[in-house]
Amino acid sequence: MEIIRVGLVEDDPDWKRGLTHFLSAEPDFSMLWTASSGEELREALLAAEEPADVVLMDIMLDGRPEGIRLAEEAAMSTGARVIMLTSMEEKEFILRSFQAGAIDYQIKSSFEQLPEAIRQAYRKQSPISAAAAEQLREEFRRLKAIEREFEAKKMSDLITPSELQLLGLIHEGYSQPQIAEKLFITLRTVKNHVNNILKKMGLEGSKEAAAKVKEMGLLDQKNDKS
């Protein structure tokens with residue numbers, strides 16, 4: 001039977017004692033060491049005759065997300081597969097944990113799943129847990145929303161209110177002669193506005209430009225203000 005060497009970093013004494021006892025009962029696990037801080041982790045890594053195959057790393061140590069930095073340190077120095085542990089679902093830390101080199105993320109209250117997660121990590125077959133995957137999706141959605149807001153702000157700064165009004169009419173299906181009549185301006189002025197808009201946006205067609213600002217929500221903002 002292949003033995004998996006496991007290390008545990010956990011600053012809560014009850015959780016550390018409970019997880020150590022629980023995992024030590026697995027016949028294919030060898031608990032090499034436990035640590036409560038970064039200093040103890042480094043001492044354990046130096047003292048260990050053999051490197052850990054899998055390290056369970058608590059995200060929050062002494063009230064700070066110190067486990068993220070230590071995960072990168074442990075992964076780089078030993079090549080161990082790192083599984084992040086937490087008693088809360090700190091959404092903002094999940095992406096950072098994977099960026100630091102962690103390969104999985106487990107909620108401590110679901111500790112019964114840890115043995116299989118450790119075996120999968122050891123076999124390099126570790127799927128992201130359902131909870132972690134959902135949190136990652138939420139984080140990517142949040143980042144995407146921020147990116148959209150940034151792009152919309154850039155576009156809003158680029159396009160004048162009168163140009164946005166013109167694009168709104170184009171989106172509604174008005175032709176350039178109809179827009180000129182509706183806005184009491186010449187057709188030439190409408191064409192000049194359209195040309196300026198297309199140059200600013202780097203696009204070739206007015207309908208494409210109108211669809212772009214609509215997609216960004218700028219036409220909805222215009223309607224809300226009117």
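When reading the values below, keep in mind they use all heavy atoms of this one structure, side chains included, and skip hydrogens, waters and symmetry mates. All figures in this text were calculated on a predicted structure; none of them were measured in a lab.
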A.B. asks: Arg17: which residues meet the side chain to side chain donor-acceptor pair (under 3.5 Å) condition with it, sequence neighbours left out?
C.D. replies: Asp14

A.B. asks: By side chain to side chain donor-acceptor pair (under 3.5 Å), which residues pair with Lys191, not counting sequence neighbours?
C.D. replies: Gln176

A.B. asks: Decide yes or no for Leu61 and Leu70: does some side-chain heavy atom of the first lie under 4.5 Å from some side-chain heavy atom of the second?
C.D. replies: yes

A.B. asks: With a 4.0 Å cut-off, would you call Lys108 and Asp58 a salt bridge?
C.D. replies: yes

A.B. asks: Verify whether one side chain among Gln165 and Ser162 offers a donor that lies under 3.5 Å from an acceptor in the other.
C.D. replies: no

A.B. asks: Between Glu163 (side chain) and Thr160 (backbone), is there a donor-acceptor pair under 3.5 Å?
C.D. replies: yes

A.B. asks: Once salt bridge (charged side-chain N to carboxylate O under 4.0 Å, His left out) is applied, what residue pairs with a partner in residues 146-162 remain, sequence neighbours excluded?
C.D. replies: Lys144-Glu147, Glu151-Lys154, Lys153-Asp157

A.B. asks: Kindly write out the residues that satisfy salt bridge (Lys or Arg N to Asp or Glu O under 4.0 Å) with Lys212, not counting sequence neighbours, or none if the list is empty.
C.D. replies: none

A.B. asks: Output every pair passing salt bridge (charged side-chain N to carboxylate O under 4.0 Å, His left out) with a member in residues 28-38, not counting sequence neighbours, ordered by first then second residue.
C.D. replies: Asp28-Arg119

A.B. asks: Excluding sequence neighbours, so at least two apart, what forms side chain to side chain donor-acceptor pair (under 3.5 Å) with Lys207?
C.D. replies: none

A.B. asks: Which ring pair (Phe, Tyr, Trp, His ring centres under 6.0 Å) pairs, counting each pair once, include a residue from residues 18-62, with sequence neighbours left out?
C.D. replies: Phe22-Phe111

A.B. asks: Determine which pairs satisfy ring pair (Phe, Tyr, Trp, His ring centres under 6.0 Å) with at least one residue from residues 165-196, sequence neighbours left out, and list them in order.
C.D. replies: none

A.B. asks: Can you list the residues that meet the side chain to side chain contact (heavy atoms under 4.5 Å, CB included) rule with Ser109, with sequence neighbours excluded?
C.D. replies: Ile107

A.B. asks: Compare all side-chain heavy atoms of Ile4 with those of Ser30 and state whether any distance is below 4.5 angstrom.
C.D. replies: no

A.B. asks: Taking the side chain from Arg81 and the backbone from Tyr122, do they hold a donor-acceptor pair closer than 3.5 Å?
C.D. replies: yes

A.B. asks: Listed by chain and number, what are the side chain to side chain donor-acceptor pair (under 3.5 Å) partners of Thr20, not counting sequence neighbours?
C.D. replies: none

A.B. asks: Just grab all the salt bridge (charged side-chain N to carboxylate O under 4.0 Å, His left out) pairs involving residues 36-45, residues at least two apart or on different chains.
C.D. replies: Arg42-Glu73

A.B. asks: Members other than Ile3 in its cluster, when Ile, Leu, Val, Met, Phe, Trp, Tyr link by side-chain heavy atoms under 4.5 Å?
C.D. replies: Met1

A.B. asks: Side-chain contact test, heavy atoms from C-beta onward, threshold under 4.5 Å: evaluate it for Ile83 versus Met57 and give yes or no.
C.D. replies: no

